[in-house]
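All remarks here apply to the structure that follows.
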Amino acid sequence: MKKVSFEAAISELEEIVRQLEGGNEPLESSLKLFEKGAKLASYCYSALDKAEQKVTELSKLENSETEGEPDADQQ
């Protein structure tokens, strides 16, 4: 799968879902769309997982940097 943005992948996945829900595609075409949709979904889940890990790392970093600083209420 070529490199695409998360937003482009989601948009393409939504279009595939619309096509499949329409029920107008022949079986072979539906299977190809489903396969492509599964790959796009996997890519999106992976991208979201990486983003979540990054947010967690940044939150831990932020928390460790502020642990030694007293709160304004405690001064």
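Quick caveat: nothing in here was measured; it's all calculated off a predicted structure.
The residues Glu15 and Arg18 are annotated as salt-bridged, a charged nitrogen and a carboxylate oxygen being separated by less than 4.0 angstrom.
Across all non-hydrogen atoms, the minimal contact from Ala9 to Leu40 is CB-CD2, 3.9 Å. Of all the heavy atoms in Ala8 and Ser5, the pair that sits closest is N-OG, 3.0 Å.
For CG of Asp49, the number of neighbouring non-hydrogen atoms (other residues, nucleotides, ligands) closer than 6.0 Å is greater than 12. At most 12 non-hydrogen atoms from other residues, nucleotides or ligands lie less than 6.0 angstrom from CD of Glu28.
The shortest side-chain heavy-atom distance between Ile16 and Phe34 does not fall under the 4.5 Å cut-off.
With Ile10 as reference, Glu14 is the one residue of Glu7, Glu14, Glu12 to meet the side chain to side chain contact (heavy atoms under 4.5 Å, CB included) rule.
Separation of atoms CZ (Phe6) and OG (Ser11) is listed at 11.5 Å; rounding is to 0.5 Å.
Side-chain N or O atoms of Ser30 include one that pairs as donor or acceptor with a backbone N or O of Pro26 at under 3.5 Å. Judged by distance alone, the side chain of Ser29 and the main-chain N or O of Glu25 form no donor-acceptor pair under 3.5 Å. The backbone N or O of Lys3 lies less than 3.5 Å from no partner atom in the side chain of Tyr43, so there is not a single donor-acceptor pair.
Glu35 meets the salt bridge (charged side-chain N to carboxylate O under 4.0 Å, His left out) test with Lys39; sequence neighbours excluded.
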